[in-house]
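First the structure, in the form of structure tokens, and then the observations on it.
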Amino acid sequence: MGLDITVVIVDWSWLARAPREKRLERLRDAWYADETGLWDGDAPTPEGEWEWPQGPHAGSFALYEFRRTLGSFKPHFWAGERWEALRDHVGPPLRAATDALLEGLIWCGPDGEADHVDPGFFGDDPRVSHGLLLARSPGPVRELSATWERLRPRIGDMREPFTWHAAAPGGWVCDFDEFTDLLADWGRVLAEAARRSWGVVGLKE
């Protein structure tokens, strides 16, 4: 089985009411609670849509269903790989903006050392943070959302170099449209979280 990811936007002030080492547990407990309605029925959430919980934590978090990922982390990983193949073939301003966006979310960066978890908020004990793939607090979320808004009007400039240098027919994120759709989904997540002054969490469950 491959790595999965569930992306959640969450009210940071609600999480902060719990002790640091209990915050991730609080989010998981609220997500898994029967009263959310998230576990009722067999119909999947439409791709590109939000799942909002019911019950006492209805205004505290929401889940986003990425398009064409089936909940897998693989498309996110391969988007980073496609960017690795592409980045030397785009201009410096476009490269810097895309670097900042992807390095802040899913890509390990040119040196392979990017960390996608803001330190401190959930504690640094690996036993507490097990399964935490991404954690961006409201400040970095606003910055990443602004980066996406700057990038979005110019993203079409990457179509030709992507086709020549990064396309991989038959693989994950095989063409430019899949690449940009994934980035646009992240843009939706960031925009909604920034609008609410919330954070973004990615969990492996």
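Quantities reported herein were computed from a predicted structural model and do not represent experimental measurements. Reckoned from all heavy atoms, side chains included, excluding hydrogens, waters and symmetry mates. Numbering of residues begins at 1 and proceeds along the displayed sequence.
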How far apart are the C-alpha atoms of L15 and L27, what are their side-chain angles, what is the distance that settles it, and do they pass the side-chain contact (heavy atoms from CB on, under 4.5 Å) test? CA-CA 7 Å; L15 284 181; L27 177 57; 4.0 Å; yes
Any chance you could lay out the side-chain contact (heavy atoms from CB on, under 4.5 Å) test for W31 and W39, step after step, and finish with the verdict? CA-CA 9 Å; W31 173 25; W39 311 100; 3.4 Å; yes
May I have the step-by-step check of side-chain contact (heavy atoms from CB on, under 4.5 Å) for W83 and V90, ending in yes or no?
CA-CA 10 Å; W83 175 238; V90 301; 3.7 Å; yes
| task | Starting from the C-alpha separation in whole Å, work towards a yes-or-no answer on side chain to side chain donor-acceptor pair (under 3.5 Å) for W107 and E84. | result | CA-CA 9 Å; W107 178 50; E84 288 269 11; 3.0 Å; yes
Q) Passes side-chain contact (heavy atoms from CB on, under 4.5 Å), L132 versus L203? Steps please. A) CA-CA 5 Å; L132 188 63; L203 292 169; 3.9 Å; yes
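Contact record, W198 with V10: CB-O, 3.0 Å, taken as the closest heavy-atom pair. Contact detail for A193 and G199: the closest heavy-atom pair is CB-O, 4.1 Å. The nearest pair of heavy atoms linking P75 to V173 is O-CG2, 3.2 Å. For the pair P161 and D157, the tightest heavy-atom approach, listed with the atom from each and the gap, is CD-O, 3.6 Å. When all heavy atoms are compared, the tightest approach of G109 to A114 is N-CB, 4.1 Å. The nearest pair of heavy atoms linking D4 to K204 is OD1-CG, 3.4 Å.
Side-chain contact check for L102 versus L183: some heavy-atom pair is nearer than 4.5 Å. Within the 4.5 Å cutoff, no side-chain heavy atoms of D181 are placed close to those of E178. At a threshold of 4.5 Å between non-hydrogen side-chain atoms, the residues L24 and R28 count as touching.
Side chain of R82 to main chain of F162: no donor-acceptor pair is present (N/O by atom type, distance under 3.5 Å, no hydrogens or angles). Checking side-chain atoms of T98 against main-chain N and O of R95 turns up no donor-acceptor pair under 3.5 Å. In terms of modelled atom types and a separation under 3.5 Å, the side chain of D185 and the main chain of R67 share a donor-acceptor contact. In this structure a side-chain-to-backbone donor-acceptor pair under 3.5 Å is missing from R87 to D99. A distance-only check finds no donor-acceptor pair linking the side chain of R150 to the backbone of A97 [under 3.5 Å]. For E65 (side chain) and E47 (main-chain N/O), no donor-acceptor pair under 3.5 Å exists by modelled atom type.
The NE2 atom of H116 sits 10.0 Å away from atom CG of L133, with the distance rounded to the nearest 0.5 Å. Considering CD of E25 and CZ of F122, their distance stands at 12.0 Å, rounded to 0.5 Å. Separation of atoms CZ (R17) and CZ (R23) is listed at 11.5 Å; rounding is to 0.5 Å. If you take CG on D118 and CZ on R136, they are separated by 4.5 Å, rounding to the nearest 0.5 Å. Here the CH2-OG distance, from W52 to S60, works out to 10.5 Å after rounding to the nearest 0.5 Å. Distance CD1/I5 to OG/S72: 9.5 Å, rounded to 0.5 Å.
The hydrophobic cluster containing W78 does not contain L70, counting ILVMFWY residues as joined when their side-chain heavy atoms lie under 4.5 angstrom apart, directly or transitively.
Under a 4.0 Å N-O distance rule, the pair E149/R152 qualifies as a salt bridge. Using a cutoff of 4.0 Å between basic side-chain nitrogens and carboxylate oxygens, E192 and R196 are scored as salt-bridged.
Counting heavy atoms of neighbouring residues, nucleotides and ligands inside a 6.0 Å radius, atom CG of D88 exceeds 12 of them. Within 6.0 Å of atom CD in E160, 12 or fewer heavy atoms from other residues, nucleotides or ligands are found, so the atom counts as exposed in its surroundings.
A donor and an acceptor atom, one from each side chain of R142 and S145, are nowhere located under 3.5 Å apart.
Taking the six-membered ring for Trp and thresholds of 30 and 60 degrees, H165 and H89 have nearly parallel ring planes, at less than 30 degrees apart.
For F176 and W164, the distance between ring centers is not under 6.0 angstrom.
In this structure, the side chain to side chain contact (heavy atoms under 4.5 Å, CB included) partners of L105, at least two apart in sequence or on a different chain, are L101, L134, L144, W186, L190. Partners of A30 by side chain to side chain contact (heavy atoms under 4.5 Å, CB included), not counting sequence neighbours, listed by chain and number: W14, H57, F61.
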